[in-house]
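Convention: sequence-line order gives letters A, B, ...; per-chain numbering from 1.
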Protein chains: 2
Amino acid sequence: MTLSHSSFPDLGDGNAASHHARTTRGPSMADVAREAGVSSQTVSRVANGLSNVEETTKKRVLDAMQKLGYRPNRAARALKSGRFKSIGVIMFTLSTFGNMRTLDAIATAASRAGYSVTLIPLTDPTTGKVSGAYHQLREQQVDGVVIIFEAHLLDHADIALPEDLPAVVIDSNAGSGYSVVDTDQHQGARLATEHLLELGHRQVWHIGGPDSSFSALHRAESWKQTLEEAGIKAPEVLHGDWSAESGYRIGLELGKNPAVSAIFAANDQMALGAMRAMHELGRAIPEDVSIVGFDDLEEAASFWPPLTTIRQDFHAVGRLSIENLLHQIAGDTPARDVSVPTRLMVRKSTAPPAPGRSV
Amino acid sequence: MTLSHSSFPDLGDGNAASHHARTTRGPSMADVAREAGVSSQTVSRVANGLSNVEETTKKRVLDAMQKLGYRPNRAARALKSGRFKSIGVIMFTLSTFGNMRTLDAIATAASRAGYSVTLIPLTDPTTGKVSGAYHQLREQQVDGVVIIFEAHLLDHADIALPEDLPAVVIDSNAGSGYSVVDTDQHQGARLATEHLLELGHRQVWHIGGPDSSFSALHRAESWKQTLEEAGIKAPEVLHGDWSAESGYRIGLELGKNPAVSAIFAANDQMALGAMRAMHELGRAIPEDVSIVGFDDLEEAASFWPPLTTIRQDFHAVGRLSIENLLHQIAGDTPARDVSVPTRLMVRKSTAPPAPGRSV
DNA sequence: CTGAAAGCGCTAACAT
DNA sequence: ATGTTAGCGCTTTCAG
């Protein structure tokens, strides 16, 4: 592996040892134009891939660009055109598995389309409050934004976007006026619940996310509905906070009740916590109690026992968000709401109930 | 929760229903200047917080800004000044816990300093190859870059940076000419190994990361050295690929050997995989074999049993990178290399060896 | 198909 | 302490 500084093609001399860095400017269109013996206009046309340039001229320009190592100046382009080839990502926290997967996909899809991605952290680190996103955005110079929600952090937040700024929200239920891209929470929760029911369990308990989260809400709703369609009255939702710790706490309660044979946790972390509780309580998984998670973390297959869970396609969510946003930027009207299906991953944490153990 | 479009302060009329969005431009310095009855230069001075403006004038300008809802145009500023108030983050994959945590800290620290963060995905998604970072960067308009390494992906990559571009590399051993900020891998691995030794284990096996990774290399070196200092000849390193799956595979081998009573895995995922292997093999943790990880994932405390591991302070790594980079951008010469210490988190996966079991 | 002119919004350099 | 001038590198508009 090497990692080396390389000098600029057009600079043979030593460093300026100046105080403020980045004094160097690369070649401009004018330089290329001079080199190629054309007007800078023509260079611009070539740079933007416009059609009406003769082949031979085009080649001359391209050669000149190559020779000088020309790179367009985005600032100048933005200043003039009002477009930035940049999309902003507004998020509250990066440190969740789903968000980072999604961001990864966003970055990849955006870069493929020639857009750069700017992170816009919304919580003002100094005050801890959500601060004027609106103003931030006017300043940030982006052509559109993707908003990744952490609903439970948002109770008191108004995110007011400039009216003409294309936006996509990644979260179910974002409300008025926005394109929404999200995992199909309903379908996922139904898959999980039906799996347990089909195994022969007569009741399924649910460890839910915080009740301020829309994803959590939808998963709980769908779990309840699936149960009711099977003629089962759903028990109360036990609300965790997505953390393994909270799943552990709730799992301890649930585990003490011998009637509990099947648990659907709203994410893999809480499922992990619940499994730990069962281990401590001496309840065997899956013999005594079956557990299903949601997300399919990388590690879920290595939990003990390997966790049956619902796989979310975060990559698709990210990719489709950008697709949608790019359409909006181009002035098209894309599909308003996009729902990404999930898949049930059956592993070792679920099995039919032990005979005579369930209610 | 509300999420609403808000109209521009200076626009009362309806939408233009135009094709290409973002036709609206906010008020410029000239507008503010007119409103306040001063020259746009004075507005610029106020906007940049320069000292030499009279209080009353300053207030007039501030009021005008407020009234018009003025926001500076970064593109114009960048075009003129050659500085962008933006830092680039070059990374190969977002989808690891550590990288994400680090990125989070970077975004926070940068934003606090008034810098925005631009993601620069280095692997060209279309070709899958590492493509001209150099050119990307010249185009991206950033004042500096933080490079987050995944060394094992980098075997054939030359990252050539413009010579005068401030840069910080997050990885031990990055080589020539760069500021390096990283977790103190040596200290961490020593902590882990010593912990096992102090418990009374006579030998410690090591599940290492891929041998193309510098972090993995350093952890392995330090493990070996610690062992040798205790008069123990270290066994061969078993190389995984950071995944839980690889830890499981290696754990299966290790577990079959009754002499193995203590394992140090180079990350928590591999430790998790090794634990799964022990469970399947019927080797009790920690009674039969002790396991130590590295990273301290959020979930590590909820593994079964809760994992003893080395906590990395990713947040500090991110924050210090930005600190260092900002110094460079300002023209100062910051500390060249920064090492962030780790902490041993003792949980339930380690214990003294069962009597008569170790070699 | 190509070029000339104008100006996007800002700041650096020089007046006053 | 404030204003004037010039121009960053590009694209848009209009002429040829």
**Complete:** Between R101(A) and F314(A) the two heavy atoms that sit nearest each other are CB-CB, 3.5 Å
**Item:** Closest heavy-atom pair and its distance - A76(B), L79(A)
**Value:** CB-CD1, 3.6 Å
To the nearest Å, how far apart are [X] [atom1] and [N] [atom2]?
| X | N | atom1 | atom2 | value |
| --- | --- | --- | --- | --- |
| K59(A) | dC1(C) | NZ | P | 19 Å |
| L68(B) | dG9(C) | CG | C1' | 15 Å |
| R60(A) | dG3(C) | CZ | P | 8 Å |
| R83(B) | dT11(C) | CZ | P | 10 Å |
| R77(B) | dC10(D) | CZ | P | 21 Å |
| E55(A) | dC1(C) | CD | P | 10 Å |
| R45(A) | dC1(C) | CZ | P | 10 Å |
| L79(B) | dA6(D) | CG | P | 18 Å |

When you measure from the side-chain N and O atoms of [X] to the phosphate of [N], is any distance below 4.0 Å, counting only OP1 and OP2?
| X | N | result |
| --- | --- | --- |
| N73(A) | dC8(D) | no |
| T57(A) | dT2(C) | yes |
| S40(A) | dC10(D) | no |
| S44(A) | dC10(D) | no |

**Asked** Side chains of Q328(B) and D332(B): do they bring a donor and an acceptor to under 3.5 Å?
**Response** no
Given [options], the nucleotide with the shortest approach to the side chain of [X]:
| X | options | result |
| --- | --- | --- |
| T42(A) | dT11(D), dA12(C), dG3(C) | dG3(C) |
| K80(B) | dC10(D), dT2(C), dT11(C) | dT11(C) |
| E54(A) | dC10(D), dA1(D), dT2(C) | dT2(C) |

**Item:** N/O donor-acceptor pair under 3.5 Å between D143(B) side chain and S86(B) backbone
**Value:** yes
**Message:** Keeping N48(B) on the side-chain end and L50(B) on the backbone end, is there a donor-acceptor pair under 3.5 Å?
**Reply:** no
**Asked** What does Q41(A) touch in the nucleic acid at a heavy-atom separation under 4.0 angstrom: a base, only the sugar-phosphate, or nothing?
**Response** base
